Protein chains: 2
Amino acid sequence: MTEEASPPPLDPAELGAYFALIEVSSLLRHTVEQQLRDAGDLSYVQFQLLATLGDTADGTQRMTELADGVVYSRSGLTYQVGLLEKAGLVARSPSAEDDRGVTVTITEAGRDVLARVFPGHIDVLRQLFLEPLAREDIDSLARVLTVVRDHMRSIPPRSAKPRRKSAVRQSPTGGGA
Amino acid sequence: MTEEASPPPLDPAELGAYFALIEVSSLLRHTVEQQLRDAGDLSYVQFQLLATLGDTADGTQRMTELADGVVYSRSGLTYQVGLLEKAGLVARSPSAEDDRGVTVTITEAGRDVLARVFPGHIDVLRQLFLEPLAREDIDSLARVLTVVRDHMRSIPPRSAKPRRKSAVRQSPTGGGA
DNA sequence: TATTGTTATACTCTATAACTATA
DNA sequence: TATAGTTATAGAGTATAACAATA
């Protein structure tokens, strides 16, 4: 039925690049998350949001722009920005031009947290990620991964995927003992 | 108090490598997770577990070995393997040599799911990740990321981290509007 | 005493759908 | 009608700590 023609298997280098990418990013992210939590009680997403805001000239972004850069769903962004606002690290205000819009601004406290968190963040990156690499390795990594990123961004996420019924997901009638 | 000497900032290539790595792996993982869910109702972790088991000669691994390779906490592994077992994709049995141990084995059904899921998985990797890369890019990526992975593995996770009190995390007394 | 694995529990995060308001 | 954002809700996943059994 769902017999898709089997694509040719990946060769060792392709597999190696994929597996190493997944493992490296998982470990790196895990460690960075711990550091951010310990140093500033930030989740990674929250850090990304703050860092994104801190990078703009006026510390300001529309919600939609933030969502596009960092989070996958609108509601998820609302949730995270809500947490940041409660903590006083960002402020929300109605958008000037578009009355539907909401503008998010990083606060002084937000910048302070960012500053408090950065040194440890960089330490982790150096020790865990950059340390074993030569200059040219880093250059090549940046170049190649940037190509991939641009490619990914250029591909529209395909919508309308067919859903299947649940099989492995947790089921209320979990008969298994 | 916690005045760590500010490390020198990262240069553009270092930052580029880091940001691109995070973005590429996030997008890739996100897309792959959707594919695995649609094609086989598997989460990424579950797929990793099945794939790990399927890779061994006898389709068998000790719990601890699985945890080291894939998951970060023991209880998390117990949870995931429990789901897979309920779905009939793996079986658990007492370990032969060590009476404390538990051996996990992939079942026929597990191998079927794996086979059903692989083609689409490879498709995603090709289209999203490998497509814009030249052979030498892939080789270099695999080489450099493998260096990083080996380095990461060689670093013992530092234990005994000081905990902080919650600040940004959701608080029960969420006074906000 | 140390290790293997499970269980109970609490909590974070994410996504979907329904909804409001403006363009 | 389409878009921006919020809310309600439900569910998955994870970690921590306590626990049982064996080495």
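Since the model is a prediction, treat every value here as computed from it, not as a measurement. Reckoned from all heavy atoms, side chains included, excluding hydrogens, waters and symmetry mates. Within every chain, numbering begins at 1; the chains are lettered A, B, ... in the order of the sequence lines, protein sequences first and strands thereafter.
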### Query
If you check the A/V102 side chain, which of D/dT6, C/dT22, C/dT14 turns out closest?
D/dT6
### Task
Measure from the side-chain N and O atoms of A/S26 to the backbone N and O of A/E23, and report whether any donor-acceptor pair falls under 3.5 Å.
no
#### Entry: Side-chain N,O (B/R92) to OP1/OP2 (C/dT6) below 4.0 Å
yes
### Task
When you get a sec, tell me which of C/dT22, C/dT16, C/dC13 is the closest nucleotide to the side chain of A/D98?
C/dT22
### Query
What's the closest nucleotide to the A/S75 side chain, out of D/dT16, C/dT22, C/dA17?
C/dA17
### Summary
Here the distance between atom C1' of D/dG13 and atom CG of B/L77, to the nearest Å, is 13 Å
### Message
Side chain of A/M63, heavy atoms from C-beta onward: which of D/dA23, C/dG5, D/dT6 has the nearest atom to it?
### Response
D/dT6
### Query
Just to confirm, is there a sub-4.0 Å distance from OP1 or OP2 of D/dT14 to any side-chain nitrogen or oxygen of B/Q80?
yes
### Task
Answer yes or no: is there a donor N or O on one side and an acceptor on the other, between the side chain of B/Q80 and the main chain of B/L77, under 3.5 Å?
no
### Query
Listed by chain and number, what are the side-chain hydrogen bond (donor to acceptor under 3.5 Å, both in side chains) partners of A/E65, not counting sequence neighbours?
none
### Message
Counting only side-chain heavy atoms from C-beta out, which of D/dA21, C/dA15, D/dT16 sits nearest to B/R100?
### Response
D/dA21
### Task
When you get a sec, tell me which of D/dA4, C/dT14, C/dG5 is the closest nucleotide to the side chain of B/T78?
C/dG5
#### Entry: Close side-chain approach of A/D137 and B/V147, heavy atoms under 4.5 Å
no
### Message
Check A/E33 with A/R37, please: is the shortest side-chain N to carboxylate O separation under 4.0 Å?
### Response
no
### Task
Please determine, for the side chain of A/Y72, which listed nucleotide (C/dG5, C/dA15, D/dA23) has the closest atom?
C/dA15
### Task
Check whether any side-chain nitrogen or oxygen of A/R62 sits under 4.0 Å from OP1 or OP2 of D/dG5, and answer yes or no.
yes
### Task
Can you tell me the distance, in whole Å, between the OH atom of A/Y44 and the P atom of D/dT14?
18 Å
### Message
Can you measure A/E85 atom CD to D/dG5 atom P for me and round it to whole angstrom units?
### Response
14 Å
## Note on the structure
Taking D/dT6, D/dT14, C/dT12 as options, the one with an atom nearest any side-chain atom of B/Y79 is D/dT14
### Query
Any side-chain N or O of B/S43 under 4.0 Å from OP1/OP2 of D/dG13?
yes
